[in-house]
Trainee: 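Before I ask anything, let me first share the structure, which is written out below as structure tokens.
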Amino acid sequence: MRLEDFRDIADEKTERLVMTPELHRRILYNCQKKKPVSRSVWIAAAACFVIMVISGVALVHHMDVSGGDGMIATARLAQGEITDNTTSEAHIAVSAMSKQPVVDIKALPMPVEIGEYSEGYAPARNEEGLWGYVDNDGEWVIAPQYAEVSPVKNLRATAICTDGAKVTPVFKAQE
Amino acid sequence: MSDPQGNRLEIDRLVAQYGSLVLKQAFFYLRDQHKAEDAAQEVFMRIYRKQPLLNDEQSEKAYLLRVTINVCKDVLKSAWNRRVSPMAEGYDAPTGSPGPENTAITNEERQQLFDFVLALPPIYKDVVLLFYYHDLPTSEIARILSIPEVTVRTRLMRARTRLGDALRGKRPK
């Protein structure tokens with residue numbers, strides 16, 4: 001008896017041990033069912049999420065009432081964001097992703113103090129001590145939300161947010 | 001290959017072509033039909049996930065055998081299997097009827113030889129199965145097992161010696 005005899009014997013012993021259609025189907029099914037999501041897909045998904053979180057903090061919307069030049073105001077959203085107001089000359093829009101509720105500028109109480117006018121706009125303060133801007137009619141054009149604001153010069157101003165961030169509101173020329 | 005449809009067809013073909021081979025090879029290690037089926041499942045899942053590029057049939061067969069051997073060794077390493085001694089377990093093999101012309105070797109001897117090979121230590125069993133059952137050249141066996149070819153030949157020789165000793169009733173060293 002030699003090892004060369006093993007093959008025939010083994011074949012005989014395992015004659016019925018063959019791949020059946022049922023086992024074949026089961027193997028295929030399990031292969032496809034248990035296929036894991038590839039690592040690169042997970043990494044891409046995580047990266048997308050991070051990008052969304054970072055970029056979702058501020059979204060700038062440009063509204064041009066006269067239908068002319070597009071002046072884009074850069075602003076960082078702080079407390080008391082304002083809505084787009086079609087009667088206002090200058091806007092800083094609210095991001096849809098903002099956590100703060102959107103403020104209806106028309107419903108805001110009258111300013112407690114109005115500063116010096118320049119170029120048709122004046123800094124104005126509300127009861128809480130936050131600053132915004134009003135137009136010639138004393139109506140809010142930028143809702144009070146800043147700790148400090150500068151007068152409008154060359155249709156631009158500097159505003160300091162309550163968290164210290166600096167923004168540059170841009171204004172439309174008054175006729 | 002990153003095409004899922006292609007993967008499915010490829011696995012389908014591999015299962016059809018090599019499924020029985022994998023089952024038998026797994027059975028030689030695990031000595032249980034259900035365990036062999038589970039092992040076959042694991043073999044094809046690993047191949048499905050890894051998607052190896054195989055050039056020809058020879059490479060395919062060699063690759064499948066390598067994966068099967070590795071899967072079986074993983075199974076045998078698990079604690080559940082360690083309790084079973086190699087000689088103690090009976091065989092659950094579905095057996096066909098013995099050929100009537102096997103007069104040179106008795107049925108008892110045939111069983112003995114079968115038992116002997118399946119009870120070999122893994123280093124000898126690997127080479128014996130690949131050489132005597134799968135009829136592979138020693139160079140191919142060396143590649144599958146990632147050992148030098150000379151080691152393959154040495155182990156085959158030692159396996160033959162062990163068989164001779166077993167037939168003479170000698171205990172293996």
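Note on naming: letters A, B, ... go to the chains in the order of the sequence lines (proteins, then strands), and numbering restarts at 1 for each one. Computed from a predicted structure; not experimentally measured.
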Trainee: Using heavy-atom distances under 4.5 Å, tell me whether B:V15 contacts chain A through its side chain, its backbone, both, or neither.
Mentor: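 B:V15 touches chain A through backbone and side-chain heavy atoms alike.
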
Trainee: Contact part of B:L163 toward chain A, heavy-atom cut-off under 4.5 Å: side chain, backbone, both or neither?
Mentor: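 The side chain, not the backbone.
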
Trainee: Run the numbers on A:F6 and B:F116 for ring pair (Phe, Tyr, Trp, His ring centres under 6.0 Å), then give the verdict.
Mentor: CA-CA 10 Å; A:F6 174 77; B:F116 168 80; 9.3 Å; no

Trainee: Between B:E140 and B:R143, does at least one N-O distance fall below 4.0 Å, as a salt bridge requires?
Mentor: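 Yes, this pair counts.
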
Trainee: Between the side chain of B:T68 and the main-chain N/O of B:V22, is any donor-acceptor distance below 3.5 Å?
Mentor: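 Answer holds: no.
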
Trainee: For B:R158, is there an ion pair with B:D165 - N to carboxylate O distance below 4.0 angstrom?
Mentor: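 Salt bridge absent between B:D165 and B:R158.
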
Trainee: Select one option (side chain, backbone, both, neither) describing which atoms of A:L23 are under 4.5 Å from chain B's heavy atoms.
Mentor: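 Only the side chain of A:L23 comes within 4.5 Å of chain B.
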
Trainee: Please determine whether ring pair (Phe, Tyr, Trp, His ring centres under 6.0 Å) holds for the pair B:F44 and B:Y18, giving the CA-CA distance in whole Å, both sets of side-chain angles, and the decisive distance to 0.1 Å.
Mentor: CA-CA 10 Å; B:F44 288 106; B:Y18 299 104; 8.3 Å; no

Trainee: Below 4.5 Å from any heavy atom of chain A, which atoms of B:I47 appear? Answer side chain, backbone, both or neither.
Mentor: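 For B:I47, neither part sits under 4.5 Å from chain A.
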
Trainee: Answer with side chain, backbone, both or neither: which region of A:R26 has an atom nearer than 4.5 Å to a non-hydrogen atom of chain B?
Mentor: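 When you check distances to chain B, atoms from both the backbone and side chain of A:R26 fall under 4.5 Å.
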
